[in-house]
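Below is one structure, written out as C-alpha cells, with a few remarks after it.
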There are 2 protein chains.
Amino acid sequence: MDRETPRSGATLHDVAREAGVSLATASRAINGSTRKVNDEYRRRVLDAAARLDYSPNLSAQAVARGATMTVALLVADIADPYFSGIAAGVVREADHEGLIVTMAATGRDAARELELVRTLRGQRPRVMILAGSRHTADREPALADELAAFEANGGRVAFVGGHDLPFRTVLVENADGADALARTLAGIGYRRFAAIAGDTGLTTSDDRLAGFGAGLAASGLALDPGRIVRSDFTRDGGYDGMRQLISAGLDDIDLVFAVNDVMAVGALSALREAGFEPGRDVAVAGFDDIPTVRDVTPTLTTVRIPLDEVGRRALRRALDGDAPDAAGAVPTEVVLRASTPPIIGH
Amino acid sequence: MDRETPRSGATLHDVAREAGVSLATASRAINGSTRKVNDEYRRRVLDAAARLDYSPNLSAQAVARGATMTVALLVADIADPYFSGIAAGVVREADHEGLIVTMAATGRDAARELELVRTLRGQRPRVMILAGSRHTADREPALADELAAFEANGGRVAFVGGHDLPFRTVLVENADGADALARTLAGIGYRRFAAIAGDTGLTTSDDRLAGFGAGLAASGLALDPGRIVRSDFTRDGGYDGMRQLISAGLDDIDLVFAVNDVMAVGALSALREAGFEPGRDVAVAGFDDIPTVRDVTPTLTTVRIPLDEVGRRALRRALDGDAPDAAGAVPTEVVLRASTPPIIGH
DNA sequence: GGTATCTTGGATAACGTTTTCCATCCCACC
DNA sequence: GGTGGGATGGAAAACGTTATCCAAGATACC
C-alpha cells in the first residue's frame, strides 16, 4: 500500500491521476465550481479522493483563490467568561458560514495586541474581531494604521465595545444599561452608592460608570467620586476593590456597583470573608450577566448582555457589506436578583 | 500615493522591486534564512517592506514551505470554564512557540466533531488537540481513521483526557483524584453518599465515579448505584440531577459528589432553591476547581486540575517528538472547602 | 449539410512564497 | 598572477490549488 511516498498526503494531482482525469476536472469535481462536470467523471474523482484519503490543502486554496476562510479573534483573556461567551458566539456564527476561527489573547497589553494584529494579518483573514476593552486615551496610531492597512486590502475589522477608532463596531448599551440599572436601584430604595471600576480611560468601565452616575442623577441622587475605587478588570480586581471599600468603612454605603460581573463576584467574596452578608448588609450589582451570577449567593443583580449574540453580531457586522448603522447597539436588560433586595420602608 | 493598485496589499515582489533587489534576496532578508545577506541590502529590503506596509502571506508561506504554524483545538463548548481554561493554556503555550491557534466547538456531537476534524485537517495544522470528553464505547472508526491519516502526513494529535484511541494523550488523574477525594471525605466523617454523573460511557465521568467508589471502598464505605443520577455534563445537568435527588429524598444522604464543578455549582443552586443550605443540610463536592468555585457559597470542595497547565502540556506533548511516557498524568489535588465541613462527633 | 452555439475536458498560467541551483565576485594562497 | 574556494545575489523551479483559455464534440437551426 505504501508503494512510493506515504509521506505528506495525497494531492489533487494524485486524485486526478488516480481518477484518470485532468487536474482541472478534479478541482471542479471536488469543489462545487460553476462549471458542470460529467457525472461519471465526478463520481470517479470523488471515489479516487475517498480512496486516497484526499484532504484539500486550505493554504493552497487560499493562495490560488486570493481569499481565505478564516476569521481572527482577539480577546483580552480567553478564560474570562465575558470573552469566552463572546468567543462562543463568534465561533458559532463562523462555522455557520463555513469559516474557521483563529483565536489569540492580548492579556490586556496594547503592545502585545499590536503584535498579534500584525501576525494575524499575515493570515489574510476575511475578518478580524477585536474584543478587548480599549483605552480611550490610547491614541494608538500604530494599531489604527495596521488595521487600516488590513481593510485597505479587503479585510474587515469589527470591534466589540466602544473605542475611538474608525472601524465597524458592535456597540453594547453600556451607558444606557448602567443608567437603567441605577434608576431601578434608586426606585427600589437605594440611596448611598459606591462603585468598583477599572482604570480611567478604559471605555467599557468609563461608560458604565458614567451611565450609572447619570441614572442616579436622574433620580436626584449622586455617586460620590470619592466612593469610586479603581482596580483590575478581573475577579481579583473586584475582590481587592471591595477590600478597599471595606477598610474605608461601609457604614454609609447601601450598594456597591461593580462595573462587571467578574469583579462583582470577587467583591461578593471579599464581603463575605470580611463577615458581611452581601445583599443584607450591603447590596452589590454587576454588569454582563455571566453564567456564574445565577449560582453565587445571593444571586447577583446585573445588566444582562447577550454575550453569544454579541459575538455573532460582531461577525455578521463585519461580513455584511457596509450595513450603515446595522441595528444599533445590542440591547441590555436589567436583571434584579437577590443581591439587591428592595429596601424596606422605602 | 495610490498610483496603480491600492488593492490587495504589497507582495514580496513589490518589496523586492522597491528595494531594487531580487525576489530571493527579499525573501532571505525578511525571514531569517540560513543564507547571509548583505547588510546594506537587508536594510533596503526592510525599509521597503516597512514603506509598503508589507505583511507576509502566511498561506503562501505554508504552501511553499510545506508546513504551517497553526495548531487546531477542538473543545466541546468554548463557554464552559473547563474548556476555556484549557484553551487559555493551549493559546499561551502556542504563542510562546509562535504558533497560531484555530478553535472549534463540537457541541459534544460526535458527527460534528468528525466533520470538524476533516475540515481542520485541510488547514494542515502542525498539531490537532481534541479536548472534548469522549465516549468509551464510541467505537468511532471514522474519527480514528481521519486522525491516523492526519498523523501519517506528519501531523500530531493530542487528546486531553482518557479515550481508547491510539494517540498521544494528556492524562488527568481522574480516578486517583476522585479516590483521594472520597478517602478525604470519609476521613472527615462522611458516610452516606450520592453522585451526579454524566452518561455512562463518558470516560471522564466514568473514571471519576469509579475512583470515587474505589476510595469509598478503601474506607469500608460504598456508593449505592441507586444513588447515582445521570444527566448532562453541564451546569443545568447538575441542577437537574440535584432536583432528582431532592425529589427522591435527601434524608439519608450526607454528601453529593458531582463529577465536575459546573454540575456541582448547578447542584448547589438547586439545593438552595429547594430550601436546603448546602454544606449544612447536605454537603457537595465537585471536580476541576474552576475559578467560580471560590465564589459560590459555600465555597466548593473539589479536586483541583491545573487547567492552564493541561492545555500547555497538550501542546507540548504533541510538539515534543515522541517523548514516550512524558511525565505521566497531570496530578490533581483535593481542595477542601466550606461545602464539606467536617462532620461533628465523628 | 454547413455553420453557429453550447457544453465540457484539458493545458497552462496564475497566486505569493521558499529554495534549489548557477553565476559572480572577492579574497587568498603559492 | 593564475587558480581554488567561500560568500552572496539572482533566475527559476517548486508548492498545491484555482481559473483562464482553447479545443473538440454535440446540438440546433435554416
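Note on naming: letters A, B, ... go to the chains in the order of the sequence lines (proteins, then strands), and numbering restarts at 1 for each one.
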Looking only at the side chain of [X] (C-beta and beyond, no hydrogens), which of the listed nucleotides [options] gets closest?
X	options	answer
A:Ala24	D:dT18, D:dA19, C:dG16	D:dA19
A:Val37	C:dG9, D:dT17, C:dG16	C:dG9
B:Leu12	D:dG9, C:dT17, D:dT18	C:dT17
A:Thr11	C:dT17, D:dT17, C:dA11	D:dT17
A:Ala64	C:dC15, C:dG10, D:dC15	C:dC15
B:Ser27	C:dT17, C:dT18, D:dT17	C:dT18
A:Lys36	C:dG9, C:dT8, C:dT18	C:dT8
B:Arg35	C:dC21, D:dT17, C:dG10	C:dC21
B:Ala60	C:dT17, C:dC15, D:dT17	C:dT17

task: Please check if the side chain of A:Thr106 supplies one atom and the backbone of A:Arg108 the other of a donor-acceptor pair under 3.5 Å.
output: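 Yes: the side chain of A:Thr106 pairs with the backbone of A:Arg108.
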
field: Main-chain N/O of A:Val71 paired with A:Arg126 side-chain donor or acceptor, under 3.5 Å
entry: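 Checked: no pair found.
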
Send over the distance from [X] [atom1] to [N] [atom2], rounded to a whole Å.
X	N	atom1	atom2	result
A:Gln123	C:dT17	CD	C1'	16 Å
A:Ile30	D:dA19	CD1	P	14 Å
A:Glu40	C:dT8	CD	C1'	15 Å
B:Asp39	D:dT8	CG	C1'	12 Å
A:Asn38	C:dG10	CG	C1'	14 Å
A:Asn57	C:dC15	CG	C1'	13 Å
A:His13	D:dA14	NE2	P	12 Å
A:Leu52	D:dG16	CG	P	14 Å

Test item: B:Asp47 and B:Glu18 side chains (from C-beta on) under 4.5 Å apart, heavy atoms: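 B:Asp47 vs B:Glu18: side chains apart.
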
pair A:Asp77-A:Val75: side-chain heavy atoms closer than 4.5 Å: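 They are not in contact (no side-chain heavy atoms under 4.5 Å apart), so the answer is no.
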
message: Between B:Thr25 and B:Val63, which residue's closest nucleotide on DNA chain C lies nearer the 5′ terminus?
response: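 In this pair, the answer is B:Val63.
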
Does [X] have a side-chain nitrogen or oxygen under 4.0 Å from the phosphate oxygens OP1 or OP2 of [N]?
X	N	result
B:Ser22	D:dA11	no
B:Arg65	C:dT18	yes
A:Asn31	D:dT18	yes
A:Tyr41	C:dT7	no

- request: Name the nucleic acid region contacted by A:Leu23, choosing base, sugar-phosphate or nothing; use a 4.0 angstrom heavy-atom cut-off, strictly under.
  value: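 Touches a base.
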
query: Hey, is the side chain of A:Arg28 pairing donor to acceptor with the base of C:dG10 inside 3.5 Å?
result: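 Flag set: donor-acceptor pair detected.
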
query: About how many Å separate CG of B:Leu58 and OG1 of B:Thr70, when rounded to the nearest 0.5 Å?
result: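 Here the rounded value is 9.0 Å.
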
Nearest-0.5 Å distance that lies between atom OG in A:Ser84 and atom CZ in B:Phe83: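 One gets 12.5 Å once the value is rounded to the nearest 0.5 Å.
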
